[in-house]
Amino acid sequence: MNLSKKNVLFMAAATGLIVANLYYCQPLIILIAEEFNIPNADAGTITYLTQAGYAIGLFLMVPLGDKIERKSQILYTTFASVIALIIAATAQSYFILEIASLLIGITSIVPQLILPLAASLSAPEERGKVVGTIMSGLLVGILLSRTLSGFVGDMFGWRAMFWIASGLCLVLFFIIKKQFPYNKPVFNGSYKQLIGSLFTLIKEQPLLREATLINVFSFAQFGAFWTTMVLLLSEDPFNFSSTTIGLFGIIGASGALAAPLVGKLSDKGSSRIAVGYGCMLIAFSFVIFYFSGSSVIGIVFGIIFIDIGLQGVHISNQTRVYSILPEARNRMNTVFMSFSFLGTAAGSAFGLFLWRFAGWHAVTLGCLLLSVLAFSVYALTYKSKRKAVESVNG
């Protein structure tokens, strides 16, 4: 079956609501630190534990979408997410909250089950547009989750946000059960063979390696920024509340507007060009951030550039990855996304380290170094491809 516009929009909404679970904690760091009487930077560890859990879930669970029926896997995982969120809401120690954060990450992989399902049910000439639309929902969920959690945290306390999130996921469970199409698996081997095939794909698919490595460095910058931005805005000269900090997520949501446009570019064969422009925008955002340690206007403009840039990199790379080996789409997505979110987790940890070491300027310079690494991968792979073409033509 082909997806209707209604199916695509609902998938985008479900993707946004579930991926939001990964980011509710970020504006709540200060409130959590106060309750458990720990330094703000130490409370920030739950941000990269959540991202690390997501990467683990991607690597171990998403490949099963090529082996078992995808709708059933989405339902089971959504229900498990409800349980993990309740554990977080009722945590009586920071250690339990850390465990819950890891579990929230592991069980919030549903968007990466929805995307391959949508790609497999889309016509090839519309696949980029469909992926872009669903990615719009994902990015809106990521960015507006911060706004919502900041407001809820200030009004009702940080635990209330996890209770609300568990209720949203429970409602989604029943809607998905009714609305999502079934999709037959294509892999007949064992789970061991399934996981082993991931390493075979990494070895045999140069496009997958290139797209994944560029994403790792780009997502690392994204994670470092959003984690340390909370610390920057909670201190002098800003001293913003969690509600005000969360409002910056609305600004970042502007990047979601770029997703369908990037998707259309990808359908026209311009994916790699869009990746290059995306890398440039991310790097430019950190130049702005460097000079905006006490400027709200500068931070606002930087957020717009980093989120549009990340859209350009991520959607274009994801469309490229989906264009190869349709029968292994879940496993390709596993490699691509698990390493991307390991990049986010590592970037968050890297950002916190730089913050403790020398504050905001160190964070921005560290992220510019990551930009250089992303550009290096992009340039080196372009050079090697051109040489390959010249050798064939010569």
Side-chain angles (χ1 to χ4, degrees), residues 11 14-23 48-88 99-120 131 134-135 138 141-142 165-166 169-170 172-173 176-177 180-202 208 212 215-216 219 318 321-322 325-345:
M11 285 181 168
T15 296
L17 287 170
I18 295 175
V19 80
N21 295 339
L22 299 170
Y23 300 95
Y48 63 76
L49 282 172
T50 306
Q51 300 294 337
Y54 193 61
I56 292 168
L58 285 168
F59 196 80
L60 296 179
M61 295 167 62
V62 170
L64 285 169
D66 285 337
K67 181 174 173 60
I68 64 176
E69 199 280 312
R70 285 174 175 143
K71 179 178 177 179
S72 299
Q73 187 186 16
I74 289 170
L75 284 170
Y76 289 132
T77 309
T78 302
F79 191 75
S81 191
V82 173
I83 296 172
L85 289 161
I86 290 174
I87 294 172
I99 294 174
S101 297
L102 192 69
L103 293 174
I104 288 170
I106 291 171
T107 58
S108 294
I109 60 165
V110 170
Q112 303 310 322
L113 301 174
I114 292 175
L115 280 162
L117 174 63
S120 67
V131 170
I134 294 176
M135 282 300 301
L138 186 141
I142 290 173
S166 66
C169 284
L170 188 60
L172 276 176
F173 173 85
I176 289 170
K177 188 175 182 179
F180 269 36
Y182 285 93
N183 188 250
K184 293 181 180 180
V186 295
F187 187 83
N188 296 317
S190 67
Y191 180 72
K192 182 179 179 180
Q193 291 172 324
L194 192 70
I195 297 299
S197 69
L198 298 178
F199 298 97
T200 302
L201 289 171
I202 294 171
L208 176 62
T212 300
N215 252 45
V216 165
F219 272 55
Q318 195 156 42
V321 168
Y322 284 161
L325 296 180
E327 71 278 6
R329 203 164 267 142
N330 263 65
R331 283 167 286 156
M332 299 285 281
N333 195 51
T334 293
V335 173
F336 178 68
M337 290 306 303
S338 59
F339 280 98
S340 294
F341 276 87
L342 275 177
T344 308

Minimal heavy-atom distance between Ile104 and Leu22, with the atoms involved, is O-CD2, 4.4 Å
Phe339 atom CZ, neighbour heavy-atom count above 12 within 6.0 Å = no
pair Met61-Thr77: side-chain heavy atoms closer than 4.5 Å | yes
Test side chain to side chain contact (heavy atoms under 4.5 Å, CB included) applied to Ile99 and Ile87, step by step | CA-CA 9 Å; Ile99 294 174; Ile87 294 172; 6.0 Å; no
Nearest-0.5 Å distance that lies between atom CD in Gln51 and atom OH in Tyr23 | 4.0 Å
Which heavy-atom pair separates Pro63 from Leu58 by the least distance, and what is that distance?
-> CD-O, 3.3 Å
Gap between atom CG of Leu172 and atom CG of Leu17 - 0.5 Å precision = 5.0 Å
Of the non-hydrogen atoms in Thr107 and Ala84, which two are nearest, and what is the gap between them?
-> OG1-CB, 3.9 Å
All heavy atoms of Ser340 vs all of Phe219, minimum pair found to be O-CB, 3.2 Å
Interatomic distance, CD1@Ile109 vs CD1@Ile56, rounded to 0.5 Å, equals 11.5 Å
Would you say the side chain of Thr50 lies within less than 4.5 Å of the side chain of Phe341, judging by non-hydrogen atoms?
-> no
Return yes when atom CZ of Phe173 has more than 12 non-hydrogen atoms of other residues, nucleotides or ligands closer than 6.0 Å, and no otherwise.
-> yes
Verify side chain to side chain contact (heavy atoms under 4.5 Å, CB included) between Cys169 and Asn21, making sure each step is shown before the conclusion.
-> CA-CA 9 Å; Cys169 284; Asn21 295 339; 3.3 Å; yes
Indicate yes or no: at least one non-hydrogen side-chain atom of Leu75 is less than 4.5 angstrom from one of Phe180.
-> no
Measure the CG-CE distance between Leu208 and Met332 for me, rounded to the nearest 0.5 Å.
-> 4.5 Å
Nearest heavy atoms of Ser108 and Tyr54, plus distance in Å | O-CE1, 2.8 Å
Would you say the side chain of Leu64 lies within less than 4.5 Å of the side chain of Leu194, judging by non-hydrogen atoms?
-> yes
Side chain to side chain contact (heavy atoms under 4.5 Å, CB included) evaluation trace for Gln112 with Leu138 | CA-CA 10 Å; Gln112 303 310 322; Leu138 186 141; 3.9 Å; yes
Please report the closest heavy-atom contact between Thr334 and Phe59, naming both atoms and the distance.
-> CG2-CA, 3.6 Å
Do Thr15 and Val110 come within less than 4.5 Å of each other through their side chains, counting heavy atoms only?
-> no
Separation between OG1 (Thr78) and CD1 (Ile176), nearest 0.5 Å, reads 4.0 Å
Rounded to the nearest 0.5 Å, the CD1 atom of Ile86 sits from the OG atom of Ser81 at a distance of 10.0 Å
Verify the neighbour count for atom CZ of Phe79: are there more than 12 heavy atoms of other residues, nucleotides or ligands below 6.0 Å?
-> no
Evaluation steps, side chain to side chain contact (heavy atoms under 4.5 Å, CB included), between Val335 and Thr212 | CA-CA 8 Å; Val335 173; Thr212 300; 4.3 Å; yes
